[in-house]
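Reviewing the structure listed below.
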Amino acid sequence: MEYFTIFQFQNKCMQVVHMSAECYPVAKVGGLGDVVGALPKYFNQTEGNDAIVVMPWVENKFTQTHRFVVDHQAVLPFGRRILQVKILRNHDLGYKLYMVQVEGFENRTQVYGYRNDAYHFIAFQVATLNWIHQWEHLPDVIHCHDFHTGFVPFYMSHSHQFPRLRNVPSIFTIHNGNYQGMMSWDVVDYFPWFDTWKLPLLKWNNTLNAMATAVKCAWRVTTVSPQYMKELMQDSSLSELFHQESQKCVGILNGIDNEEWNPETDKHLRHHYSVDTVSEGKRANKEEVCGHFHFDPELPLVSFIGRFAHQKGVDVLSDAVWRAINTYDAEMNFLIVGSGDPQLARGLEQMKRYSRGKFNCYIGYNEELARKVYAASDFLVMPSRFEPCGLNQFYALRYGTLPIVRTVGGLLDSIIDMNDENGCGIRFIQMNSNDILHALYRASELYLDKEKFATMRQHAMNQDFSWEKSIKQYTQLYKNAMP
Ligand code: GLC
C-alpha cells in the first residue's frame with residue numbers, strides 16, 4: 001500500500017501557474033518572454049500536466065486579434081481606492097493564458113516604461129493571488145519570473161489574506177539579476193495585510209527590493225544557468241543573501257524551441273538546409289545576405305544580433321571591429337543587427353562610412369532578417385558583460401553558425417572552445433577589445449582550415465539544447481518542493 005502511494009506520487013500530474021510580465025507571442029521584450037512562452041508548452045507535453053500563464057494585460061496586436069473571454073471579475077482594494085479587475089482567458093497557445101486587466105492600467109500598449117510600473121505590478125500580483133486563493137483545487141506550484149512577480153512568495157507565505165496559499169510551493173526564477181525592483185517604501189501601503197514585524201523581509205541595504213524579497217521568501221530560487229548562480233553568489237549586490245539562501249538555490253539552463261528554430265523548415269529562409277547539407281545551404285544564404293549588405297561572400301562573415309544594451313557589450317565590440325578593419329586590415333566582414341541605445345546606433349551608422357565595405361549594420365528589430373543572418377553567418381559574436389543564459393548562442397548552433405563568446409553565465413555553460421574535445425565555438429575571457437580581436441583572429445584561422453571548420457559546423461548542429469532537457473530538471477525541482 002505504502003509503495004503504491006509513493007509510486008502514485010512520483011507519477012502525479014502537476015498543475016503549475018507561471019506568473020510573468022512577458023510571454024511570447026503575447027508580449028515580449030527580451031529572452032524572458034521566449035522562456036515563459038516555451039516552458040508551459042513543453043511541460044504540458046507530459047500527459048496530464050497543466051501549466052498555465054498569468055500575465056498583465058497589454059493592449060497590442062496579439063490581444064486585439066485573438067479571442068479572449070472574461071473568466072473572472074472582482075474588485076481590488078488598492079490603497080484608498082477600489083479597482084475593478086477582469087481576468088481574461090485565451091486558448092490559442094496550447095496552454096491556458098490568463099491576462100489580468102486592472103482598472104486604470106488597462107490601456108497600456110507596452111510591457112514596461114510607465115511612471116507607475118511599480119503600482120501596476122503590485123496590483124497584478126495581488127489581484128492574481130486573490131483569484132487563485134478562491135480556486136477549489138489549488139495549484140501544485142506557483143512559479144514566478146523576475147522581480148515584477150517578486151512579492152508573490154512573500155504574500156503567499158506571510159499575508160493574512162492568503163491562508164490557503166501557505167502550503168503551496170513558490171518558485172522564483174531570475175532571468176536578469178541586474179533589475180531587482182528597488183522601490184520607494186510607500187508602495188507597501190498597497191500590500192495585502194501582513195504583520196509589520198515582517199517588514200525586514202522586504203528590504204536589502206535599507207531599500208525595498210522585490211528580488212531580494214523573493215530570494216528570501218520563495219521555496220526555491222533558480223537562475224537560467226548554473227554559472228550565473230555562481231556569479232550572483234560571488235560577485236553581486238545580493239551575494240551575501242544568495243549565500244544565506246544557497247540551500248534552495250539552483251541553476252537550470254534554458255532551452256530553445258527546436259521546432260520554431262529549424263533551418264530545414266524556417267519560413268523566413270529562402271534556402272533551407274540540414275546537417276547533411278549545411279555547407280551548400282549556408283553558402284546560398286550567405287550569398288543572399290552578402291548581396292544585400294554589399295559584402296564579399298568569400299570572406300568569413302561575423303555577426304552580432306541583439307539589443308544595444310550595456311549588458312551585451314556592443315560598445316566594446318564596435319571598437320574591436322574598428323581596429324580589426326582599420327588597424328589590422330582583417331580579411332573579414334562584420335554585420336551588426338539590432339537596436340537599443342540611440343547613441344551607439346548613430347556611432348555604428350557612421351562607422352559604415354569608414355570601413356571599406358567590411359562593416360555594415362541594420363538598426364531595428366526584424367525577425368526575418370535575424371533568421372537570415374543566423375543562417376548566413378559563419379560566426380556569431382556575443383561579447384556580453386554578463387549573461388544569465390543567453391539564447392542566441394543556441395540559435396547559432398542550430399543554424400550551423402559557430403559562437404564566439406565571452407566566458408560568462410550561460411555562455412560559459414553552453415559553449416566549449418574549439419581547442420577542447422567536442423568544441424564548437426571560440427571563447428574569450430576578458431571584456432576588452434584586445435581579447436575580442438584575438439578571438440576574431442582565431443576565427444579567421446579556423447575559417448581557412450576548411451576541413452576542421454566543416455566538422456565543427458556539423459558538430460554544432462548536432463548539439464542538443466532543447467527544452468525537453470530543462471523541463472526534466474524543472475519537473476524534479478517542483479516535485480522536490482512539493483510538501
Ligand atoms: C534575460 C537574460 C538572458 C536570458 C533570458 C531568458 O533576457 O539577459 O541571458 O537568456 O533572460 O532567461
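Order of appearance sets the numbers: ligands from 1, and atoms from 1 within every ligand. The first residue of the sequence shown is numbered 1, and numbering continues consecutively from there. Just so you know, these numbers come straight off a predicted model, no measurement behind them.
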Exercise for the section: Please state whether G30 comes within less than 4.0 angstrom of ligand 1, counting heavy atoms only. Expected result: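 It does not, in that no heavy atom of G30 comes within the 4.0 Å cut-off of ligand 1.
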Problem - Close approach, G390 and ligand 1, non-hydrogen under 4.0 angstrom - result: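 G390: in contact with ligand 1 (<4.0 Å).
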Exercise for the section: Could you tell me the residue and atom name of the protein heavy atom closest to atom 3 (C) of ligand 1, and the distance to it rounded to 0.1 Å? Expected result: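 Here the closest protein heavy atom is E387 OE2, 3.4 Å.
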Practice task
Flag the pair P169 / Y478 as yes when at least one side-chain heavy-atom distance between them is below 4.5 Å, and no otherwise.
Solution key: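 With C-beta onward as the side chain, the pair stays apart.
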I need the atoms of ligand 1 closer than 4.0 Å to a non-hydrogen atom of [X], numbered in the order shown.
{"X": "Q311", "answer": "8 (O)"}
{"X": "V35", "answer": "6 (C), 12 (O)"}
{"X": "G31", "answer": "5 (C), 6 (C), 7 (O)"}
{"X": "V224", "answer": "12 (O)"}

Exercise for the section: Could you see which bit of N254 sits under 4.0 Å from ligand 1, with heavy atoms only: side chain, backbone, both or neither? Expected result: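 The answer is the side chain of N254.
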Practice task
May I ask you to establish whether K469 and F465 are in a cation-pi arrangement, using a distance under 6.0 Å from NZ or CZ to the six-membered ring centre and at most 45° from the ring axis?
Solution key: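 Satisfied, under 6.0 Å and within 45°.
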Exercise for the section: Return yes or no for this condition: an N or O of K312 is under 3.5 Å from an N or O of ligand 1. Expected result: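 No: no nitrogen or oxygen of K312 is under 3.5 Å from one in ligand 1.
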Exercise for the section: Could you tell me whether D435 and R406 make a salt bridge, using a distance below 4.0 angstrom between a side-chain N and a carboxylate O? Expected result: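 A salt bridge is absent here (no side-chain N lies under 4.0 Å from a carboxylate O).
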Problem - Charged N-O contact under 4.0 Å between D117 and R108 - result: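 Salt bridge flag = yes for R108 with D117.
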Exercise for the section: Identify the two heavy atoms, one from H120 and one from P56, that lie closest to each other, and give their separation to 0.1 Å. Expected result: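 Closest approach of H120 to P56: CE1-CB, 3.7 Å.
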Problem - Option with minimal heavy-atom separation from atom 2 (C) of ligand 1, where the choices are Q393, H175, M382 - result: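 Checking each option, the heavy atom nearest atom 2 (C) of ligand 1 is found in H175.
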Problem - Distance-only side-chain donor-acceptor flag, N432 / N434, under 3.5 Å - result: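 N432 vs N434: no donor-acceptor pair found between side chains.
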Practice task
Could you go through the side-chain hydrogen bond (donor to acceptor under 3.5 Å, both in side chains) check for Q180 and N209 one step at a time?
Solution key: CA-CA 6 Å; Q180 298 178 359; N209 184 316; 3.0 Å; yes
